[in-house]
Amino acid sequence: MKESRLGDFEETVLLLVGILGKEAYAFKLAEEFESQTGRAVSIGAIHSTLSRLEDKGFLTSEMGQATAERGGRRKRIYTITAYGQRALEISRDLKVSLWRQFPPFATDFNFGGQLG
Amino acid sequence: MNPNQATPPKLAQRFLRWFLRYELTEEVEGDLAEKFYQTLEEHSSGRAKRNYWYQVFHYLRPFAIKSLTSIHHPIGYAMFNHFAKISWRNLLKNKGYSLINIGGLGVGMAVALLIGLWIYYETNIDSFHQNIDRIGIIRKHTLFNDTKDTQLFVPLPLYEVLGNDYPEIKHITRFKGGSVSLMAEERKVRQTGQYVDPDFLDMFSFPLIKGNRATALNDPKSIILTESLAKTLFGNDDPMGEIVRINNEYDAQVTGVISDIPENSFFSYITFLVPFKYNLANSYLQRYRDDWGSNVIWTFLEMNEGVSMDVFSDKISLINRENDPTSPEQKLSIQPFGEFHLYGEYENWENAGGKIAYVRLFGIIGVLVLLIACINFMNLSTARSEKRAQEVGIRKAIGSLRTQLILQFFSESVMIALLAFLLSIGLVFIGLPYLRDLGFEHITLDVGSRFLWVIGFSICLITGLIAGSYPALYLSSFQPVKILKGTFTQGRGPVVFRKVLVVFQFVISVGLIIGTLVVFNQINYAKSRSIGYNPDNLISIQGSEDIAQNFNSLKQALLNTGYVEAVARTSSPMTEVYNKWSDFSWEGKDPNSRIALEALMTGWDYENAAGLTFTQGRPFSPEFSTDSNAVILNETALDIIGYDDPIGRTMTSGGREMTIVGIVEDVLMLNPFETVAPGVIMFVPDIANNILIRIKPDVGVPEALASIQPVFETYNPGFPFEYSFVDEEFNKKFAMENQVGKLAGMFALLAIFISALGLFGLASYVAERRTKEIGIRKVLGASVVSLWGMLSKDFVRLVLVSCLIAIPVAYYAMQRWLQQYDYRIELSWWVFTSAGLGALLITLATISYQTVKAALANPVKSLRSE
C-alpha cells in the first residue's frame with residue numbers, strides 16, 4: 001500500500017501548489033517556499049517531493065508553456081487532485097481540533113520533570 | 001545585463017544529462033536555466049554558476065537518476081564487456097587447459113604471495129620504533145687465534161665514557177639479559193627480561209600503559225612488567241606499587257606496565273625491565289665496573305638529530321684500544337639498529353649480511369616459481385594458437401585493429417590471473433596452518449590489509465602481462481588472408497620458443513631439487529658427526545643461589561630417587577659456552593700469539609653426567625686432593641698447546657697454576673657446522689650456573705621427572721621447576737638450516753609440480769595434433785611402444801638439456817653456499833644424477849598418460865573422418 005500520510009514539508013509544498021495555481025512548477029515553487037518560509041531549498045528537493053506527491057496521488061501534472069527565459073523549454077505544471085485537497089483538509093481539521101483542546105493558559109509547564 | 005554574456009556551465013549540464021532520467025531533462029533544464037538567469041540578474045555570474053552546480057548536485061536523488069543499465073558507459077566498455085565474455089567462454093570450452101592454467105598460476109602465486117608476506121614481515125622487524133634511523137648498537141671487533149671476530153658484548157666502562165664525553169649521543173643504555181624467577185605473593189614464574197638504563201624507554205617505542213615513562217626506571221629497585229606478565233603475577237589487580245621478589249633475593253616495586261612487545265621485534269622475548277643499576281649493584285658485574293678487558297654487556301645508543309652514525313662510528317672506534325693496552329688489535333663500530341635483524345653476521349670485521357641472504361634467496365625463488373607458472377600459460381596459449389588463429393583472422397577481416405587484439409589477449413590473461421589469484425588466496429589460507437613450523441608462524445593472511453591487496457593486484461597485473469605478452473603479441477601479428485585461406489601453419493619460431501621456455505622451467509626445477517638435496521645432506525652430515533658426549537637422556541636445569549649452596553644435598557637426594565645416574569654442576573649448559581679467556585699460558589707458548597680458550601668450570605661427575613670420552617688420563621676425582629688445581633683439555637686444545645705427554649704437565653690461567661690430568665674428545669657445544677674450538681675443563685666446585693642430570697637409560701623419562709621435581713622444589717624454592725632436554729637443545733642448532741631445507745624442498749616440489757602440469761598440457765596438445773599421423777603409423781604397423789617412444793622423445797630431450805644446464809649452475813651455487821660452513825660435505829655426483837633422474841622420471845610419468853592414450857587409440861576413429 002502506498003504511504004498516504006503527509007509529512008510537514010510535503011504539506012507545505014502541497015499548499016504552495018494550491019496557492020500558485022497555474023504557476024505551480026518546480027522553480028517557482030522553490031522561490032515561493034523560500035519567500036514564504038525564509039528557508040533555502042534546492043529545486044531538486046522540491047522536485048523530488050513533487051514527484052513523490054504525484055506518486056501518492058495528491059498531485060497530477062502536465063507539460064505547460066515554453067518561455068524564452070527557459071531557453072524555449074517547457075515546464076511541468078502541477079495541480080492538486082481532489083484526494084490531495086482532502087488530505088490537506090484532514091490535516092488542517094486534526095490540528096484545529098487539537099488546538100481547541102489546548103488550554104488557553106498552560107500554567108503547569110513541566111520543566112524536565114524534576115519537580116515530581 | 002546582457003543575458004548572452006553568461007550561460008549555465010557546460011560541464012554541469014553534461015553531468016546533469018549523464019545521470020538524469022531522459023524524460024525529466026526538459027523540465028529540469030528549464031527550471032535550472034530560469035534559476036540561473038534569475039540569479040544572474042541579482043548577483044554575479046560566478047555566483048550564478050556556482051548555484052547552477054549546487055542545483056545540479058541536488059538532483060542526485062533516487063527519483064531523478066537513471067537506472068544503472070541505461071547509464072552511458074565510458075568508451076570501450078562494450079569492448080571490455082565483450083572481451084570478458086569471450087574469455088569466459090574460452091575458459092569453459094577448454095576446461096582441461098583452463099584448469100591447468102589457473103591451477104598452475106594459482107599455485108605459483110600462492111608461493112609468491114607467501115614469500116611476499118614473509119619478506120614483508122622480515123624486513124619490517126622493529127620498524128615500528130619512531131627513532132629507528134638514529135638508533136644503533138655497538139659492535140666490538142676482536143682478533144684472537146688469528147681470527148677476526150665481531151661481538152656484541154662490550155666492556156662496562158664504555159657506557160660512562162660515551163655518555164659523558166660525547167654530545168652527539170642523545171640517549172644510551174646498557175643492555176643485559178636475565179632469566180630470573182619472579183615471585184609475587186603466592187605465584188612464581190621464571191621469566192626472561194632485560195636490565196636497562198632509563199634511556200631505554202626514550203629510545204624504543206614501547207608505550208607505557210601505566211606509570212611514568214620519565215621516572216619508571218629511575219629507582220634501582222623498580223621493575224616494569226609487560227601486560228601479560230602483570231596479569232600472570234597479579235591477576236586483575238592493579239600491579240602498580242606492588243612488590244615483586246627477584247630470584248628469591250631482592251624486592252622490586254612495580255613502577256610501570258608496558259603492552260606486550262609485538263612478535264615483529266627483536267625484543268619480543270622481554271617480559272620485564274629492571275634498571276641496570278640494580279643488576280650492577282647485585283651481581284658479579286660490579287667486579288667489571290672499570291674493567292676494559294671483560295666484555296659483559298650490550299650497549300645501544302641513539303644519535304642526536306643530524307649526526308651521521310657512520311661518521312660517529314669511526315670517531316669512537318678506538319676508545320677501547322686506548323683504554324685496554326693488553327689488546328692492541330680491536331676496534332668498535334656502530335651498527336644501525338634497522339640493519340640488526342637482517343645483517344647480523346660479520347666476517348673479518350666487515351658486515352657479511354646474514355638473514356638478508358635468505359630473504360633474497362627466497363625472493364628469487366618466489367619470482368622463479370611464479371615465472372614457471374607464467375611459462376605454462378604462455379606455452380599452452382601459443383601451442384593452441386592455431387585454434388585461436390581463425391578467430392584472429394575473422395576479427396581482423398571485419399576491422400579489428402592489432403592494438404585491440406593485443407588488448408583482448410591481455411585482458412584475457414589478466415582475467416585468468418585474477419581467478420588464479422583468488423585461488424592462491426584460498427591456497428595460502430588453507431596452507432598457512434601447516435607452515436607454522438617453517439618460519440611462517442608470525443605470518444597471517446589479513447584479508448583487511450591494504451598491503452595484501454596492493455601486492456596481490458600488482459602480482460596479478462604483472463603475471464597477467466608477462467603470461468599474456470607472448471600470445472598477445474604473437475597471435476595478433478597473424479595475417480588474416482593466410483589464416484582464412486587455410487594456408488596458415490605455425491613456423492619454427494614459436495616451437496623453438498616453447499622449447500626454450502620448457503627448458504627454463506626444468507632448469508629451475510632441477511636446480512631447486514639439487515639445492516634441497518644438498519641442504520639436507522649437509523644437515524645430516526653435521527647431525528651425525530661425533531659430538532664428544534651423549535645428549536640422550538640428559539636433562540639441563542638452570543642453577544640458582546639456593547642450588548649452589550645446597551648442591552651436595554640436592555645431588556644426594558636426586559641419586560636417592562633411583563632414576564638418576566649422575567648429577568653435575570657446570571658453568572654453562574651443554575649447548576652453550578659462557579666463558580672464553582685469553583689469559584692462559586703454557587710452556588713454549590709464543591708470547592706474541594693471542595689465543596683464547598673456551599673454559600668450562602665444573603665439579604665432580606661431569607664426565608659421567610655428560611658421557612665424555614677420555615683419550616688420555618682421568619677425570620677429576622675426590623680421591624686426589626691435588627685435583628683442586630687440575631684441568632682437562634680437549635684434543636684441539638692439546639694440539640695448540642703441543643705437549644707430547646700432557647698428563648701431569650702444567651699450564652696457568654691468570655696467576656693460577658693447573659695440572660693437566662686428562663684429555664677428552666672434542667665436545668661440540670656451539671655451532672655444529674664449525675670445528676670445535678680449543679677448550680679446557682677447570683675444577684671449580686662451587687659453581688652452579690647449570691645442573692646436568694643423566695637419567696638412567698632403562699627408566700621412563702616421565703616417571704624420572706616426576707620424582708626429580710619434588711627434590712628441586714625442596715632445595716630450590718624460589719624457582720619453578722623448569723628443565724630442558726639436551727638433545728632437543730642440540731637439535732635447535734639446526735633450526736635455520738632445517739627451515740631453509742624444508743622450504744627449499746617445498747618450493748622445489750611445487751616448481752616441479754607446476755612444470756609437470758605444463759608438460760601434461762603440452763603433451764596432450766601434441767598428441768591431439770598428431771592423432772592422424774599416429775593413426776596412419778598404427779595402420780602401417782607401428783607398435784604402441786614405438787609410438788610412445790616417438791611421442792616422448794622430444795620431451796625427454798628437453799629435460800636432459802635442462803639437466804645439463806642446471807647441474808653446473810647448481811654446483812656452483814651450492815659450492816658457494818657450503819663455503820659458509822667449516823664442517824661441510826663434499827658435493828657428490830649422486831646428488832646431481834638423482835636430481836636429474838628424478839626430473840626425468842616425473843616427466844615420463846606425466847607425459848605417458850597422454851602419449852600412451854594416443855598410442856592406444858583405435859586408428860579407425862582418427863582416420864574415419866576427413
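A, B, ... follow the sequence lines: proteins, then strands. Residue 1 opens every chain. Everything numeric here is computed off the predicted structure, so don't read it as measured data.
For the pair B:Glu27/A:Ser61, no side-chain contact is recorded, criterion being any heavy-atom separation below 4.5 Å from C-beta on. With a 4.5 Å cut-off on side-chain heavy atoms, A:Phe27 and B:Gln38 count as touching.
The backbone N or O of A:Ile43 lies less than 3.5 Å from a partner atom in the side chain of B:Gln55, making a donor-acceptor pair.
The environment of CZ in B:Phe128 is crowded: more than 12 heavy-atom neighbours from other residues, nucleotides or ligands sit within 6.0 Å. In B:Arg21, the CZ atom is crowded: over 12 heavy atoms of neighbouring residues, nucleotides or ligands sit closer than 6.0 Å. Residue B:Asn236 places its CG atom among 12 or fewer non-hydrogen atoms of other residues, nucleotides or ligands, all under 6.0 Å distant. Annotation for B:Lys210: atom NZ counts as buried by contact number, over 12 foreign heavy atoms lying within 6.0 Å. Applying the 6.0 Å contact sphere to CZ of A:Arg86 captures no more than 12 heavy atoms from other residues, nucleotides or ligands. The environment of CD in B:Glu42 is crowded: more than 12 heavy-atom neighbours from other residues, nucleotides or ligands sit within 6.0 Å. Residue B:Gln130 qualifies as open at atom CD: its count of foreign heavy atoms under 6.0 Å is 12 or below. By the neighbour-count criterion of 12 heavy atoms within 6.0 Å, atom CH2 of B:Trp453 is densely surrounded, having more than that number from other residues, nucleotides or ligands.
Once rounded to the nearest 0.5 Å, the distance linking OG of A:Ser42 with OH of B:Tyr59 reads 8.0 Å. One finds the CZ atom of A:Arg76 at 7.5 Å from the CG atom of B:Leu24 (value rounded to the nearest 0.5 Å).
Only the side chain of A:Ser51 has a heavy atom closer than 4.5 Å to any heavy atom of chain B. Residue contact with chain A, scored on non-hydrogen atoms closer than 4.5 Å, involves the side chain of B:Tyr54 exclusively. B:Leu60 does not touch chain A: none of its heavy atoms, backbone or side chain, sits under 4.5 Å away.
Each of B:Glu29, B:Glu26, B:Glu34 was evaluated against A:Arg73; a single residue qualifies, B:Glu29, per the salt bridge (charged side-chain N to carboxylate O under 4.0 Å, His left out) test.
Note on A:Lys28 versus B:Asp31: no salt bridge recorded, every NZ/NE/NH1/NH2 to OD/OE distance being 4.0 Å or above.
Contact tally against chain B (heavy-atom pairs below 4.5 Å) for A:Ala45, A:Gly72, A:Ala26: the top residue is A:Ala45.
Between B:Phe63 and A:His47, the angle of the ring planes lies from 30° to 60°, which puts this pair in the tilted group.
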